[in-house]
Amino acid sequence: MEIFLILGITAFLAIISFFIKNYKTLSLVNVLGHLAVLSIVAKLTADIYGNGASISMFNFFYADPLSIFFMLIIGIINTASIIYSVSYISNDLKENVISSAKANLYYVLFNALALATFLVVVVDNLGMLWIAIELTTLISALLVGFYNKKNSIEAAWKYIIICSVGITIALFGTILFYYAATLTGATSINWTNFIAIATKLDPQILKVAFLFIFVGYGTKAGIVPLHTWLPDAHSQAPTPISMLLSGVLLKTAIYAIIRFAIITNKSVGIQYSSNLFLLFGLLSLGIAAGFILVQKDIKRLLAYSSIEHIGIILIGLGFSGIGIYGALLHTVNHAITKSFMFLGAGNIVKKYKTGNMNIIRGVINLLPFTGTLFILGAFALGGTPPFSIFLSEFTILMAGFQNKSYLTCGLFLFFIAIIFGAIIHHFSKIIFGKEPADSKFRGDEPRLLTVKPEINPEHPNRGEDFFSAGSVSLMFLFIFLIAFGIIVPGFASKILLLTAEVIKQ
Amino acid sequence: MSALCFASFFPCDPLSLFFVFVILIISFPSLVFSIGYLKNEYSSRKIALSWILSLGFIFSMLGVVTTNNGFFFLIMWELMSLISYFLVVFDSKKSKSIQAGTIYIIMTHIGTTFITAAILMLFNYSKSFDFIAMKNAVELIPSGTKNLIFLFLLIGFGTKAGIVPLHIWLPYAHPQAPSHISSIMSGVMIKTAIYGLLRFVFIILGIHNLWWGVLVVILAAISCLVGVIYALIEHDMKKLLAYHSVENIGIILLGIGASMIFLKMDIPSLAILSLIAGLYHLINHAIFKGLLFLCAGSIYKATESLDIEKLGGLIKKMPYTAACFLIGSMAISALPPLNGFVSEWLTLQALFLGALNSSGFFRIFLGIAAASLALTGGLAAACFVKAFGITFLSLSRSKKAEEAVEVPFSMKFSMVFLSLLAVLFGLLAVPIVKYLSHLSQYITNIHLNTSFALNNFTLITQSKNPIYLSTPLILILFLLIIATAYFIIRRALPFQKVLINKTWDCGYYNLTPRCEPRFPNRGEYTATGFSKPFRLAFSFFLLPQTKTEKIKDSFYHTTSFKHEISTTPFFNKYIYSPILYLIMKTAKVTRKLQSGSINVYIAYIFATILLLIIFMEKF
Amino acid sequence: MKSVIIIVQVLSIILVAPLISGIIRKIKDNLRMRKGASIFQPYYNFLKLLSKDEVISENSSWIFKITPFIVLAAAITATCLIPLFGTGFSLNNMGDIFTLIFILALGRFCLSLAGLDTASTFSGMGSSREMFISSLVEPVALLALFVVALNSESTSLSLIAGVFNFKLSSLVAVIALFMVTISETSRIPIDNHETHLELTMIHEAMLLEYSGRSLAMLELATHIKQMIFFSLIAIILFPLIILPSFGLYQILFTIAFFLLKILIIGTLIALVEISIAKMRLFRVVDFLGFAFVLSLTALIIQTWGM
Amino acid sequence: MHINIFVVIIILTVFYMATVKRITSLINGFLVQSLFISLYVFSEGVLTKNMELYSVAFILFLLKVIVIPLTLRQLVKNIKADENAGLLISPVISLIFAAILAGFSYEFADKIMPLQGKHLIGAFSISLFITLVGMFLMIFRKKAISQIIGLLVMENGLFLLAAEAAGGLPFFIEITIFFDILVSVMILGVFVYRINSLFTHIDTNKLTRLKG
C-alpha cells in the first residue's frame, strides 16, 4: 500500500509542477511532497524491519529489506537535493541564467527521475527493472544537458550514448537469464521466481549471463573501464543533479547487480561473482586514484572519487561475510558524504564562478560556513576516523583480513592512502590560503531566507548567508556524516544486518 | 559486530597513568602560555577556536593513552592527528603552513594505515579488539606474521615519532603551528607514538626476535646523528628545535631498543635499567623541549621573527626568557646538575653494562651505540651554544631585536614553571627512578628484587661492583666551590676596580658602528659562521652548495655580490621526491585514458566484454 | 678521615697544576735551545693578575661575569672524582668517568657562551672552533674510557685505578686518550695556547676578553683541567700503590710518586709539541678520526679478550 | 530455431550496413533488417500457433519499419547534414572486422552451450554477432546519427535472440521495451538537433572538449 502512495505522490508532483507558475509555491509544494515521501519511506522501513517480512503486490511490486534499504538512501538524498535545488534554481532565476518555464521543466524532470529511481528498487520483474533503469538514464540525460551550453550538451550526449550501449548489453544478459529460466519450464521473469528455481538453472549460461549483466549495469554504476561518461556528466550537470547522479543513480545500478548476483551465487557459487567484484573493485580504486591526483576541476575530482568509492563497495561485496555489511554501510556513507561534498562544491563554484582549483583560494575566508564543513567533508571522504566512511572501510578491511587476502588489502590500503593524500593536497590548497585579490565575487550564495551578512573589514567579499536553504541541507547531511562516525546506532545496524542476510541468501 | 561497539577507558594501568601525567604536565604550562601568546595576535573568534582545538587536541591524546580497545585507539589516534593538522594550518595566510600541514597529515595518515593493518592482523587471531584478548591470542600467531606485525607497528609509530627515514614532516609541521601547540606536539604528541610501541610491542606482542631490538637501536642511532647534524646547520629557531626532537626521540629509542635486546638475551636487570633510562629521557625531553618551544614562542612574540641571524642581544631585553632558554639548552645538552644529564648517564650506563655482559658482536655494537650517543651529546651542546649564543648574547642584528620587550606574565610564569621542573627532575633522580623501575617491571612483567636507587640521593647500578651517581652532591659541591672562590676573589683580596669599556676590535675603524645604520654590525660572529666548520666536516652527508651572484655595471666595477649557501635535504632529494615523481608519472599516464572521444569510450566497453568472455574460465 | 684526605688531595692537585705546565714550558724551551722562563712562572702570572684591574666589555651580559667561577668550579669538582693517594680516596659515590666527561663539558659550554657574549670576532671564532673540536673529541674520549672500564668491569674511577689488569686494549685506549689530552689541553698539533695569533688560537681566543682576576681564575682552571687528563692517563698506565698505613711519610711518598708519573706524561706532551707543526683546522677532523678508529680497534681488541 | 531465408537476409543486411558509406543507405539497411525480423517473427508465430507473436511482429513492423526510419530521415533533412556517414576505417577493413566478429561469436556460442544441442547455437551466435556489429558501427562511425542507428541495430540483435531462444519475453515487457526504444530515439534526436545548433556539425569525433 505504501509503495503506491510513494509512487503516486512523486508522479503527482511531476505533473503538478508543470502548471504552478509562481516559483515560491512551486518549490514549497515540491519540498513538502518530498518530505511526505521520506516520512512514508521511514514508516515503511519501520514496519518492514519490525518483522523482517517483505511485501509483494499482484506479482509486479516486491519490497524486501534490500530494496527498502536502497529506498531509504534515495529518499534521504532526494529530500536533501530538492531543498538545495530550491535555492539553487532561485539563484539561477535571479541571475536569469534560465527562464521560469525552464525552472518548471527542471522540477518536472526532477520528480520524473525520482519516480524512475523509486520504480527501480520497488519492481519485482527483471524486465521492468531494465526499463526503469533505461528511464532513469533518459531523464537524467535531459537534466545533465539542462544548461544549453557546449560542455553540458557534449557531456549529456556521451552520457546517453554510453549508458544506452551499456544497458543494451544488460538487456542481452537479462534475456539469457530468462532463457535459462525457460529451459527449466518457468515462464515468469519475476525475481522471486528466479530465486525459487535458482538451484535448477544451468550454471554455464548463468556465468555468461552474469558477465553481460555485470558489464551492462557496470557502465551505469561507473566501474572503471566503463566509467568514461561519469566525470563529464557529474561535472557538467547542475549541482543538485550531480548530487543525485552520484548519490542515487550509481547505487541503483549497484542494486541491480546485487539482485542478479544473488541468483548467480545460488546456482554458480560465491567464488565466481566475488572474483569479478574484487578484480573490478581494485581496478576502479587504482585508476580513480591516478585520476584524482592530477585533477584540476573540483567537481571532476568528486566524480572520480565516486568511482573510487564504487570500487570500495565492490571490494566489500567481493570479500563477502562481514564485508557485505561493510559494503552496504559504505553505500549509505558514500551517498551522504558525496552529496554533502557536491553541495559544498556547488556553493564554491557558484561563488568563484569557476571550478578550476588553481584559481579558487581562501574559501574559508569567503565562505566561512561552507569552508569549514567542506574541509571536514574532505577528511571524511579521505576516510579519517571520526567520520563514517572510515568505519565502513574498516569493516571491509576486517573482512579482507579475515579471509587472509593480504595482497588485496595491501593494495586497497595503498590506493586509499594515495587518494587521501591527493584529496587533502587539492582541498587544503583551495580552502586555506589568500583569496584572489581581485575577487569581485560580491554575489551572495543561494539563499531562501536571507540574513544581511555584516561586512567583515578583513574579508570584504565574505558573502555567505547562514540560513540559506543550501546551508540547511548541508547541515542536514553533516548530521548523518557524524552520526555514523564512531558506532553504528542500534536500529541502523539492525537494518544493515537484515539486508546483508538477504544478500547472503 | 559487537566487537565494534564496545569501547572503554581504564586509566588504572600504570603505563597509561605515566603518560597521562606526562601529557598534563606539559599541556598545563603551554595553555597558560597561550593566554599571553595569542592576546593581540588574532581576532577573538580565532582565539576561541584555538582554545577549542587545543583542548580537543589534549583530550584526544588522553584518549589515545587511556583506551583499552584497539578500534577506539585508532579513532583517537587519527582524531589527534586531525586536530593537530588544523592547529598546524591555524594561521592559514602563509602558504608554507598549508604545505606543511598537507605533508604532515599525509605522512601521519600513511603511518596510521600501517597501524590499522597491524591491529587488524591481531584482530584476526583475537576476534576482539580488547588489548587483553589480543595479548592472550598472541601464541596462535605464526612467527612470520609476528615479524610482519612488528614491522608494521614500527613503521606506523615511527612515522609519528619521527624516526629518521620517516621524519621529514617534523621540521615542516612543528614550526608552523603556534608555539604553545608546537611545544605540546614536540613535547608530548610524538611520545604517544612511544606509548604505542610500548603498549603494542612490549605488552601485547612481546619480543620474539633479537633482530627487532638491533633494528630499533640502529634506527635510533641514525636518528640521533641525522637530527643533530641538520639542527646544527638550521637557522630558524623552531626548525632547529624540531630537528632536536628527532635527535631526542633517537635517544629514547636507544634506551627502549637496548631493553628489547636485553629482554631477548634474558638479562632482566639490564632490560629494566635501559627501559628506565628510555622512559626517564622521555619525560625529560617532554619538559625541556616544551620549555625551549615556549621560549621560541616568546622570542617570536617579542621580535616577530625566528631567524637567529636576525636576532641577537636579547638577553639584555628579555632576561627571563634568556634565563629559561639557558636552563633548557643546558638540560638538552646533558650538562650535570640538570635532568638531561641523568637520563643520558643512565642510557650510557645501560649500554656499558650491556656491553660488559655480552660478548663479541654485541659488545662492539653497543660500544658504537654509546659512541654515537656521545657524539650526539657533543654536537647537541655545540648546536645549543650556537642557538643560545647567537640569539641572546652579543649585539642585536636587526631593528626588531633592538626593540624587543619582555613577554607578559602568563608566558613568563609557564617558562619559569618548566625550567624549575627541569632542575627538579635532575635533582630528584632517586624517587623518579624508583617509580620508573616499578613501571618498567610492569611493562616487561619481570619481577626483580634489586632496586636501582639508594635512599640517600644516589643512584647505583649493578650490584657486583656498584657505580654511583648523585646529582645533588654534584650541585652542592659545585655551589660550595663557587662560594669559596667568590669569597676569596671578590671579598678577601684587596678591592680592585672593574672598568666598562669597548670590546677589543684591534683598533679597526667602526667595526661595531655607533651611529645609524646600526645594523648589521660586522663585528660579532653569526650563526652561519658558527656552523661553518660543522658544515664542512659533515659535507659528505649535507652536500653543501654555494651560489654566488655578481651584479656588475662595468667589467671592473661590481655593484653588489650575493653569496648563498644551501645544503641538500638528503632524504627529500633521494627518497621522497623520486617516489612522488613516480606516482605523478603513472597518474599522468592514466589521465590519457579519458581522451575525450566517444568512439574510444565505446571501444573500452567493447574490449571489456570481449576480454571477459574469452577469460571466463579464469573466474 | 676520608674526607680530610680528599680535601688534601684536591688542594695538592690545585697547587701542583701550574707547576706542571711551567715544567712543560721549561722542557720545551730547553729543547728549542732557549733558557726559557722559570718553572714557577705560572705562579707569578697568577699573583700578578690578582692585583690587576679588570676591564669588562660593555656588550657583555651577566654570563660573562659568572663564567670564570663556573669553569673553575667545574674543574675542581672533576678533580674530586680522581683518586690519587689510594683507590678509596675519591668522591666516587658522586659519579664515574661519564660524569667526569659531562662535568668538563659543562665548563666548556659556559666558556664558549662567554666567548660569544662580548661580540668580538676572535672569541666568537674561538668558541665555534672549540665546540667543533670538542664535539668530535667526546666520542673518542668516551669510547677509550669505555674500553678501559670494560677491562676493569666498572666505570667508577676508584675501581679503574685500583684493579691492575693491564691489557693490550687498555694500551691502545690510552694512546687514543693521549690524543684526546692533546686536543683538550690545547697543545700544538690542534691548538696553540701560547700565541694570540687569531688564526691559530682556539682556547686562548675565548679568554681574550678576560682580564684581571677572572683571567687568573680561568688560567688556573686550564691548568687543573690539564692535570685531570694527565692524572687520568697516569691512573690507567701506572697502578696506584695501596698504602699499608697513613702517616706523613706515606703521604709525601705517594705525592712524589704521583708527581713522577705526571712529569713523564708532561715530557711526552712537550716532545709531541716540539716535533709537530700546527694542523689546519679541517685536518684536525682526520686527526680525531684517526683517534676514533684507534679507540674502536681498542674495543675490538678488548672483545677478543686481550 | 530453423535457419530459414529470413535469417540469411538479416545477416546480409548486417554486412551491407557495415560497409555502406552514406547515412540514407544506412537507414534503408536498418529498415530492411527490421522488416525481415518482423517477417521472421510472424513466420515463427504461424509455426507455433501463438497469437502473441502476431501482435509483437505487427508492432515491430509498425515501429521499426515505418516510424523510426521516418523520424531519422526527417532528422537528416532538417539538420541538412552531408550525406557521408563518417567512416573511421575503410569499408573493406570493416567488412573483415565483421567477418572476424562472426567467427568469434560462432566459436564463443559453441563454447557456452555445448549441452543444449545444435539448433540453439545458431540463434545465439547470430544475435551475438548482430549486437557486436551494432557496437562496431558505433565505434567506427563519426556521425551522431550513425551512432543512433548502431544502437538500434544492437537492439534488433537482442530482439532476435529473445524471439528465437526464449520464444519472446513476456508480452507486456516486449511492448514496453519497444515504446522505450521509441522514447530514447526521440531524446537522441533532440540532442542531435541541439548539437547541430551549438556545434554546427554533428561529428562526435570532434566533441573532445571534456578531457582528463
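Worth knowing before you read on, the calculation uses all heavy atoms, side chains too, and leaves out hydrogens, waters and symmetry mates.
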Among B/Pro533, B/Gly389, B/Ser333, who wins on heavy-atom pairs under 4.5 Å with chain C?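 So the answer, after comparing B/Pro533, B/Gly389, B/Ser333, is B/Pro533.
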
[Y] and [X], any side-chain heavy atoms less than 4.5 Å apart:
{"X": "C/Leu50", "Y": "B/Ile489", "result": "yes"}
{"X": "B/Tyr525", "Y": "C/Ser123", "result": "no"}
{"X": "C/Leu116", "Y": "B/Ser394", "result": "no"}
{"X": "B/Phe478", "Y": "C/Ile70", "result": "yes"}
{"X": "C/Glu130", "Y": "B/Val385", "result": "no"}
{"X": "C/Leu113", "Y": "B/Leu326", "result": "yes"}
{"X": "B/Leu348", "Y": "C/Phe146", "result": "no"}
{"X": "C/Thr155", "Y": "B/Leu353", "result": "no"}

Can you name the nearest heavy-atom pair linking [X] to [Y], along with the distance?
{"X": "B/Ala371", "Y": "C/Leu143", "value": "CB-CD1, 4.1 Å"}
{"X": "B/Ile481", "Y": "C/Ala73", "value": "CG2-CA, 3.7 Å"}
{"X": "C/Phe109", "Y": "B/Met330", "value": "CE2-CG, 3.6 Å"}
{"X": "B/Ala485", "Y": "C/Leu72", "value": "CB-CD2, 4.2 Å"}
{"X": "B/Gly378", "Y": "C/Ser135", "value": "C-CB, 3.5 Å"}
{"X": "C/Cys80", "Y": "B/Leu477", "value": "SG-CD2, 3.5 Å"}

Could you give the distance from [atom1] ([X]) to [atom2] ([Y]), rounded to the nearest 0.5 Å?
{"X": "B/Leu499", "Y": "C/Glu58", "atom1": "CG", "atom2": "CD", "value": "13.0 Å"}
{"X": "B/Phe388", "Y": "C/Ile63", "atom1": "CZ", "atom2": "CD1", "value": "3.5 Å"}
{"X": "C/Arg213", "Y": "B/Ile488", "atom1": "CZ", "atom2": "CD1", "value": "11.5 Å"}
{"X": "B/Phe534", "Y": "C/Leu136", "atom1": "CZ", "atom2": "CG", "value": "7.5 Å"}

Given the options C/Val140, C/Ile103, C/Val285, C/Val147, which has more heavy-atom pairs under 4.5 Å with chain B than any of the others? C/Ile103

Option in C/Ser214, C/Ser134, C/Ala149, C/Cys110 with maximal non-hydrogen atom pairs under 4.5 Å from chain B: C/Ala149

How far apart are the C-alpha atoms of C/Ser61 and B/Phe392, what are their side-chain angles, what is the distance that settles it, and do they pass the side chain to side chain contact (heavy atoms under 4.5 Å, CB included) test? CA-CA 10 Å; C/Ser61 62; B/Phe392 285 95; over 6 Å; no

Given heavy-atom pairs under 4.5 angstrom as the criterion, report whether the side chain, backbone, both or neither of B/Ile315 touches chain C. side chain

Side chain, backbone, both or neither of [X] within contact of chain B (heavy atoms, under 4.5 Å):
{"X": "C/Ala74", "result": "both"}
{"X": "C/Leu142", "result": "side chain"}
{"X": "C/Ser60", "result": "backbone"}
{"X": "C/Trp304", "result": "neither"}
{"X": "C/Phe64", "result": "neither"}

Crowding at [atom1], [X] (>12 non-hydrogen neighbours, <6.0 Å):
{"X": "C/Phe282", "atom1": "CZ", "result": "yes"}
{"X": "C/Phe287", "atom1": "CZ", "result": "yes"}
{"X": "B/Phe541", "atom1": "CZ", "result": "yes"}
{"X": "B/Lys317", "atom1": "NZ", "result": "yes"}

Under a 3.5 Å distance rule, please check whether B/Lys386 uses its side chain to pair with a backbone N or O of C/Ser128 as donor and acceptor.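 Not confirmed, B/Lys386 side chain does not pair with C/Ser128 backbone.
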
Measure up the B/Phe341 and C/Phe102 rings against each other and bin them: parallel (under 30°), tilted (30 to 60°), perpendicular (over 60°). perpendicular

Working note: B/Phe530 + C/Met131, criterion side chain to side chain contact (heavy atoms under 4.5 Å, CB included); need CA distance, chi angles, decisive distance, verdict. CA-CA 9 Å; B/Phe530 194 93; C/Met131 288 317 283; 4.2 Å; yes

